[in-house]
Each structure stands twice: as structure tokens, then as C-alpha cells.
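Have a look at the structure below, then the notes.
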Amino acid sequence: MGGPPYDCLANPLGAVRLTFEKAIWSESENPPIHPSAFNGKDWGALELFRHFLFQGSGLSQVPILNPKTLRWVQPNSLVRYRGMIQDMLGNEFYAGAYKDGNLWRTNKFMDVSQYPMGSTPDMCIWERRLLYCVPVPGQSSWTEPSSEMEPNWSSQTREKRRRMDDEDDDPMDLVPDDEIKSSPITKKMREDGLPSPSQSMDAKTTSSSSITSTFQSVDKDNLPCLVKIYDSPESELKLNDVFEFIGVLTFDSELAVEKDDNDELSNSFYDDALVHLPPNKVPRLHCLIHRKLAVQDFLPGSPIIEPKPHLVKETREALFRHLTAVLGNDEVAAHFVLLHLLSKVHARVDDVAVGKLSLNLTGLNKESVSVFGTRLSDIFKNLLPFTNCMPLTLEYLNTASLAPKKDYQANRLVPGVLQLPEGSHLMVDETQLESGSLNSTGIENTKLLKNLIEFQKVEYDFQYYKVEMAADVQLLIFSEGKSNIVPADVIVPFQPSCLESTEIPVAEALEAWRWYLATVRSLPHSIGSEIQKVVEDDLVAARQTDRSLGSRDFSRWLTMARLISSSFGETSLSKEHWEMVKEMERLRRERLK
């Protein structure tokens with residue numbers, strides 16, 4: 001794709017305006033197109049940004065918005081925000097296009113009009129969605145960019161950033177002069193004897209050097225973001241999904257103060273529901289392009305590697321050895337922990353979440369969990385993108401807010417501990433739980449945990465009713481005996497033979513293990529007709545030998561069979577791997593006697 005060198009990075013609003021002008025003053029249309037024909041939809045701007053980001057290698061130049069980059073990133077510039085959709089605030093109406101004299105202007109991807117705007121019959125009222133996004137709960141430090149360097153702005157932009165705070169900047173200045181001069185609206189303005197956009201001082205932006213004071217109230221450890229969505233069907237964005245939003249970072253001081261009754265329309269973007277989200281604490285991002293993130297997207301600089309069996313086998317063996325060392329040379333526990341880390345919900349059949357494999361390591365007390373639990377927590381934080389820990393004490397159960405709850409007064413969904421995105425890992429330490437009475441909150445929290453581990457669902461409390469939301473969370477429980485509060489799919493008595501663990505993995509090994517876990521979890525799986533007959537015969541024989549075995553046990557065996565095959569990079573079950581399932585179950589059951 002050819003075209004002019006729009007400055008999409010430093011001044012995306014200038015590029016949006018020029019594409020708007022071109023769409024209206026199309027050479028094939030005379031008179032010009034009325035903006036109502038767009039109905040708020042894209043008029044060609046998105047293709048321009050897609051080309052810049054994904055074909056022109058511009059994505060790597062776009063800074064990721066976080067507390068560090070917020071110190072220097074420029075308002076009205078292009079940024080990326082990675083986070084979880086924590087709440088959906090509904091839709092907001094705004095004046096999308098309006099007439100300024102004889103000229104059409106647009107407010108799309110803005111909070112406040114850059115030019116005087118009165119109430120006219122020609123004004124186009126459009127709609128956008130509001131999403132409240134937060135950093136992903138439990139996000140591991142290795143998923144964050146190692147360093148965020150300030151973009152290499154154009155020399156023209158650098159010159160503007162050296163100006164004093166009291167100088168006014170025209171947002172059109174960052175667009176090439178020849179583009180401004182050739183713009184259809186600019187030509188029309190010259191014909192009417194009006195000043196051109198490059199000469200006008202009406203469109204003013206926040207001074208670049210004031211960015212630090214602009215967001216001085218932002219939580220430096222937990223940066224939320226109010227994302228405004230355009231041109232996207234509702235089905236593409238769901239609560240708790242993790243997305244990367246690419247768009248225009250805006251800050252308008254008008255939104256931070258009380259509305260001016262004399263200028264109702266220009267402040268009509270300001271909604272009473274957003275009074276608890278002031279812009280100096282919650283940055284606004286007007287989304288141009290978004291994409292749902294998978295675990296692979298958090299692997300820093302990792303190339304796409306085909307999971308060839310020999311490569312997967314070598315990586316598996318190295319990771320298994322490390323897990324064995326971390327677990328005090330308990331190979332049985334290490335085997336089950338590895339399968340647990342590869343588990344995920346592949347499908348849902350009625351109330352059954354197919355593919356989950358929660359794990360309960362028993363035989364641990366406060367002292368031993370402080371050693372082995374800490375080791376596992378450290379290695380999980382180095383391997384998994386989202387990890388969380390829950391100290392299951394009586395006080396915690398009786399006081400914690402595990403389920404999200406709707407606050408109708410603030411019109412917000414108050415987050416709960418169990419509002420977690422797909423692919424999260426949760427470690428539950430039950431060794432500190434002592435005898436005592438549960439209050440109503442504790443009983444409700446116990447029910448929530450059982451519902452999560454058994455059905456992979458969490459009940460959201462909307463005060464007058466409850467809604468079950470599907471989840472996909474790996475749960476690992478530490479306890480002295482079998483947990484009755486969080487009954488896991490697999491119970492493995494933990495039997496370490498040593499306390500020492502001197503093995504410290506190098507960075508290259510960690511990168512390989514992250515790739516391994518992210519890749520093999522998503523491999524397809526099948527069982528051939530021949531091996532299926534073997535499996536069926538073995539299940540019948542096992543049932544005849546032990547009448548206590550039921551459908552839940554056999555479902556677990558089939559899940560383990562899939563996970564073992566995947567752990568070796570294979571997509572179909574072999575006789576060898578089925579025998580491994582039976583052997584692991586035999587060793588586990590021996591420990592339970």
C-alpha cells in the first residue's frame with residue numbers, strides 16, 4: 001500500500017482528520033458526502049493504521065502504556081495498553097461529526113471537540129462502548145517489556161517538545177505540510193478566505209512537558225485504563241478477556257472539572273457514571289485496533305517454533321528434572337505437577353469442564369509448605385504469565401471478597417479475587433487453616449471455591465440475581481490431609497526425600513520452558529480406533545478390579561492421557577503413553593493406602 005507519510009505515531013488524530021476530509025470530499029462525489037452516511041463506522045482510517053502497525057513495522061515503535069512510560073508518553077499520541085477487561089460500562093453517545101461554519105469536522109477518537117461546536121440540525125450523534133481495563137491479576141514480571149525507550153519522534157516533533165509550556169501547539173503541525181496543503185478542506189478554506197489548519201490557533205493540545213503533572217494522581221503500581229471502543233461488534237470483547245488495545249491516549253482538563261452548564265454539548269462526552277474514574281487517575285484510550293492476547297503473545301521476542309517431537313522431548317525432560325529437584329526429588333509429584341501445568345479447559349459438555357486437572361499435594365504443614373510451596377511459587381512466576389496465591393485461613397474465608405459484585409450506586413462491577421482471565425494459575429495454601437466457625441461470607445466463599453474447582457465457573461453477584469461466568473483457572477492446593485474445602489481432581493501425597501535444591505535455571509532454559517508450556521497446551525488430540533479399544537478394555541478391567549472407581553476417575557485418566565501425549569509433542573495417544581497413565585495412577589494410589 002502506497003500513500004502519504006502520515007504521522008500515525010506522534011499525531012494519529014491528524015491522520016484521522018485527513019482521512020475524514022478525504023472521505024467527505026471524494027473526487028467522485030460532488031456535492032460532498034454527508035457524514036451521516038458513515039453512521040460512526042470507519043471511513044478508511046483503520047486501514048491506514050493497520051498498514052502502519054503490521055505492514056510497516058510500526059507496532060514495535062508504539063509504547064506500551066504503563067506507570068513507567070506514562071512519565072514521558074505524549075497526550076494525543078499512539079499508545080498500546082495491555083490489560084484485562086474488568087468491567088463493561090455500557091455505551092456512550094457523542095457528537096461524531098458537526099459543522100464548523102461551512103466545514104465538516106469529526107470528534108471520533110476524541111473526548112472534547114477541538115473547535116467550537118454548537119447545536120445544529122446537521123450534527124451527527126454516534127455511539128461508542130466503554131471498557132474499564134486493569135493490569136492482568138498476578139501478571140508475572142517477565143511478561144513486561146524489559147525496557148521502554150522513548151520513541152524516536154520526528155525532528156519536527158522533537159523541536160515542538162522543546163518549546164515552553166505556555167506555547168500553543170496545533171495538532172495538525174505533525175502532519176506533513178504538503179498533505180495539509182493538498183487536503184480538500186484546506187483548499188476549500190483557501191477559496192473561502194479562511195485561515196488554513198496550519199495557521200489556525202484554535203486547535204490546542206496539552207503541552208508535552210506537562211504530562212507528568214497531568215497524571216500525577218495515577219496509581220503507580222496498578223494503572224487502569226478507560227478504553228473507548230469503535231467499529232467493533234460486541235461479541236469480540238468479553239469480560240475477563242486479555243487484550244492489547246492500540247489507540248489515542250487523550251487527556252482533556254475539561255473532563256477533570258465540573259461540567260460547565262453553559263457549554264453542555266462540548267462536555268456531553270462526560271458521563272455521570274464516570275465520576276469515579278477521573279482522567280487524572282484513569283487515562284483514556286480511544287481504540288483504533290485491538291487484538292486478543294494468548295500466552296504466546298507474552299513470550300518476549302520469542303520466534304514461532306514448530307513443536308517438533310525431538311525438540312519438545314528434550315525440553316520436557318529438562319523441565320521435569322527441574323521440577324523434580326524443586327520438589328525434593330519426588331518424581332511422582334513432579335510428573336503430576338507437569339501435567340497440571342499443561343491442563344486447560346478444552347470443551348464443556350453440560351456441566352463438565354473437559355481438560356481441567358486440579359491438583360492437591362497432601363502431607364504438607366506450615367513448615368514444609370514454607371519451603372516447597374515457596375519454591376513452586378517462584379518457579380511458577382518464572383514460567384507462567386498469570387499466577388496468584390491464596391492463603392486459606394479462617395479469617396480470610398470469613399472476610400475476603402472472592403466474587404465480583406455489582407455496585408449500582410457507582411454503576412461499577414467491584415472486582416473479586418476470583419475474577420481471573422483464562423490461563424491463570426491459583427495456588428491455595430490450606431496448611432494455615434484452623435478449626436473454627438464460618439460466617440455467611442465464609443460459607444459463600446467456600447461454595448465459590450468448590451464451584452470453581454469442580455465446574456470452572458464463578459458466580460458474579462449482581463445483588464438481585466447471580467450470573468455464572470465460565471473460567472479456566474489451574475488450581476494447586478497444599479494441605480496436610482485431603483482438602484474438603486477445595487476438592488481437587490487429583491490427590492497426590494507429597495513425599496520429598498531431601499530439602500536442598502541448588503539448581504537455578506539459566507535465562508535460556510526459562511525461555512525454552514515458557515515456550516514449551518505455551519505451545520503444547522494448545523496441541524490437538526485424538527485417539528485412534530485401535531488404541532481406543534485398548535483403553536476401553538482397560539477401563540472395564542479396572543472397574544471389575546476396584547468397584548470404587550467411577551466415571552470421574554475414568555474421565556481423569558483420559559485427561560491425563562491427553563496431557564501426557566501433548567507433553568511429548570504428540571497429537572494422538574500411543575500405547576506407550578497410555579501405559580504411563582496407568583503406571584502414574586498405580587504409584588499414586590499406592591501412596592493413598
Side-chain angles (χ1 to χ4, degrees), residues 82-90 130-140 219 221-227 237-243 273 276-277 281-282 345 351 353 356 358 377 384-430 432-433 438-477 483 485-488:
R82 288 182 165 189
M84 182 186 79
I85 302 175
Q86 191 273 317
D87 196 4
M88 297 178 144
L89 304 180
L130 304 180
L131 304 179
Y132 181 71
C133 301
V134 297
V136 183
Q139 184 168 346
S140 301
D219 186 343
D221 299 318
N222 183 34
L223 180 66
C225 187
L226 182 63
V227 180
L237 298 148
K238 298 179 181 178
L239 201 65
N240 304 333
D241 279 351
V242 178
F243 270 84
H276 300 287
L277 304 174
K281 291 184 178 180
V282 184
V345 177
D351 284 334
K356 71 183 182 71
S358 54
S377 177
L384 306 176
F386 319 127
T387 61
N388 300 268
C389 297
M390 180 183 292
L392 207 61
T393 63
L394 189 66
E395 180 183 5
Y396 184 86
L397 281 172
N398 284 335
T399 59
S401 298
L402 298 189
K405 296 181 180 180
K406 182 71 174 183
D407 181 346
Y408 285 96
Q409 185 173 358
N411 196 25
R412 289 285 314 284
L413 183 65
V414 180
V417 176
L418 297 183
Q419 187 176 4
L420 300 170
E422 175 184 326
S424 292
H425 188 277
L426 177 61
M427 292 175 57
V428 180
D429 180 9
E430 200 177 301
Q432 301 180 47
L433 188 62
L438 293 174
N439 58 22
S440 58
T441 300
I443 293 171
E444 183 65 23
N445 283 337
T446 301
K447 178 184 173 183
L448 286 165
L449 286 169
K450 286 184 177 180
N451 203 42
L452 173 63
I453 200 166
E454 185 172 358
F455 303 110
Q456 284 292 310
K457 292 181 180 180
V458 177
E459 277 192 342
Y460 285 38
D461 186 354
F462 285 84
Q463 190 173 340
Y464 307 107
Y465 59 95
K466 294 186 178 181
V467 177
E468 277 193 335
M469 301 289 290
D472 186 1
V473 179
Q474 300 169 326
L475 282 102
L476 173 62
I477 303 98
S483 173
I485 293 180
V486 196

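Since we're looking at a predicted model, the values are computed, not measured. Note: hydrogens, waters and symmetry copies are ignored here, and every other heavy atom, side chains too, is used.
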Decide yes or no for [X] and [Y]: does some side-chain heavy atom of the first lie under 4.5 Å from some side-chain heavy atom of the second?
X: P224; Y: C133; value: no
X: Y132; Y: V134; value: yes
X: S401; Y: V414; value: no
X: L452; Y: L448; value: no
X: F386; Y: P137; value: no
X: K406; Y: Q463; value: no

Rounded to the nearest 0.5 Å, how far does [atom2] of [Y] lie from [atom1] of [X]?
X: I477; Y: S358; atom1: CD1; atom2: OG; value: 5.5 Å
X: N445; Y: L402; atom1: CG; atom2: CG; value: 3.5 Å
X: E468; Y: D351; atom1: CD; atom2: CG; value: 7.5 Å
X: H425; Y: L384; atom1: NE2; atom2: CG; value: 6.5 Å
X: L226; Y: L130; atom1: CG; atom2: CG; value: 5.5 Å
X: L413; Y: D407; atom1: CG; atom2: CG; value: 9.5 Å

Any chance the side chains of [X] and [Y] put a donor and an acceptor closer than 3.5 Å?
X: E430; Y: S483; result: yes
X: N240; Y: Q419; result: yes
X: E454; Y: N451; result: no

Centroid separation under 6.0 Å, is that true for the rings of Y464 and Y408? yes
Give a yes or no on whether a salt bridge exists between [X] and [Y], defined as a side-chain N under 4.0 angstrom from a carboxylate O.
X: D87; Y: R412; answer: yes
X: K356; Y: D472; answer: no
X: K238; Y: E422; answer: no

Looking at F243, is R82 sitting on its ring face, NZ or CZ under 6.0 Å from the six-membered ring centre and within 45 degrees of the normal? no
Please answer whether the main-chain N or O of [Y] pairs with a side-chain N or O of [X] as donor and acceptor at a distance below 3.5 Å.
X: N388; Y: L426; answer: no
X: E444; Y: N439; answer: no
X: Q139; Y: P385; answer: no
X: S424; Y: L420; answer: no

Evaluate the criterion side-chain contact (heavy atoms from CB on, under 4.5 Å) for residue pair M84 and L239; output intermediate values, then yes/no. CA-CA 8 Å; M84 182 186 79; L239 201 65; over 6 Å; no
Tell me the closest heavy-atom pair linking G442 and N398, and the distance in Å. CA-OD1, 3.5 Å
